[in-house]
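Here's the structure, in structure tokens; my notes come after.
Order of listing sets the numbers, starting from 1, for every ligand and every atom in it. Every heavy atom of this structure was used, including side-chain atoms; hydrogens, water molecules and symmetry mates were not.
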Amino acid sequence: MTDTPLAERLEAVQGRIADAVRDAGRDSTQITTVVVTKFHPAQLVRELYALGVRDFGESRHQEAQPKIAELAELDATWHFIGQLQSKKARQVAAYADVLHSVDRESLVTALTGSPLEVFIQVNLTEDADRGGVAPEDLLWLAERVMGSELTLLGLMAVAPLETEPRAAFTRVRELSERLRELAPGASALSMGMSGDFRDAVLEGATHLRIGTAITGKRPAPG
Ligand SMILES: *Cc1c(COP(=O)(O)O)cnc(C)c1O
């Protein structure tokens with residue numbers, strides 16, 4: 001492995017993930033680390049790919065579409081993790097492999113015919129603008145997803161700034177247990193970012209979405 005700052009940061013984060021996995025008594029094969037490359041140029045994705053990264057996360061369609069087209073030669077898995085307008089859904093489905101932000105029926109309808117893997121995003125705040133379905137509407141929305149061609153992997157959440165992340169992730173794990181009574185296969189948990197991935201691993205996260213801890217500071221959005 002080369003000695004670049006990027007390689008060092010990647011290796012350091014991978015080491016911290018391995019520590020958390022061990023402390024949780026879990027197995028590293030249960031964890032997918034999605035490196036979030038939003039606002040970064042395609043070149044950074046190439047460098048990460050050369051370091052062995054295969055799962056990448058993007059959150060804005062207008063940025064992700066040309067970037068992923070430019071990187072078509074890479075054998076990568078693309079995760080769309082941002083809020084998504086229904087009218088853009090089919091375009092995103094054309095390049096994304098996994099969509100982490102399904103949060104309403106209109107989006108499920110817009111994705112009709114797209115064989116995507118999806119997470120339902122749960123909103124842990126009172127602020128509807130943050131994205132995510134309210135916990136009380138989760139099972140209802142899960143039934144809509146299960147009635148579609150989409151494959152429901154599980155739940156996604158962002159820990160609210162105003163709460164302790166561990167408590168937020170405990171809540172997601174409890175919601176996941178209820179979801180699995182309806183959808184036993186939907187056991188994945190997309191949670192944990194640069195500042196809180198250890199807590200997420202301890203609460204059962206299967207998909208970590210890590211940006212700045214690996215990529216360094218993000219350039220200003222273009
Ligand atoms: C940007 C972003 C991340 C990564 O955040 P970092 O703090 O840079 O690790 C994870 N999840 C979502 C939904 C994001 O938008």
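For G211, a nitrogen or oxygen atom sits less than 3.5 Å from a nitrogen or oxygen atom of ligand 1, counting backbone and side chain alike.
In terms of modelled atom types and a separation under 3.5 Å, the side chain of R26 and the main chain of A205 share a donor-acceptor contact. Between the K67 side chain and the V45 main chain, no donor and acceptor come within less than 3.5 Å of each other.
Which parts of ligand 1 touch R209 is read off a 4.0 Å heavy-atom cut-off, strictly below it: atoms 4 (C), 9 (O), 10 (C), 11 (N), 12 (C), 13 (C). For ligand 1 and T212, the ligand atoms under 4.0 Å from any heavy atom of the residue are 6 (P), 7 (O), 8 (O), 9 (O). Of all atoms in ligand 1, listed by their number and element, those nearer than 4.0 Å to a heavy atom of I210 are 9 (O).
Remark: minimum distance from atom 5 (O) of ligand 1 to any protein heavy atom is reached at M193 CE, 3.5 Å. When only non-hydrogen protein atoms are considered, atom 1 (C) of ligand 1 lies nearest to K38 NZ, 1.5 Å. At the shortest separation from atom 9 (O) of ligand 1 among protein heavy atoms lies S194 OG, 2.5 Å. Protein heavy atom nearest atom 12 (C) of ligand 1, with residue, atom name and distance: I81 CD1, 3.5 Å.
Inter-residue side-chain proximity for T37 and E58 is flagged as met; some heavy-atom pair is nearer than 4.5 Å. Counting only heavy atoms from C-beta outward, the side chains of D129 and Q83 never approach each other to under 4.5 Å.
Looking at R173 and E177, a side-chain N of the basic residue comes within less than 4.0 Å of a carboxylate O on the acidic one, giving a salt bridge. Using a cut-off of 4.0 Å between Lys/Arg side-chain N and Asp/Glu carboxylate O, E63 and R218 are scored as not salt-bridged.
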Determine whether T170 and R166 satisfy the following criterion, side-chain hydrogen bond (donor to acceptor under 3.5 Å, both in side chains), listing intermediate values before the conclusion.
CA-CA 6 Å; T170 305; R166 182 83 189 249; 4.8 Å; no

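At least one heavy atom of R218 sits less than 4.0 Å from an atom of ligand 1.
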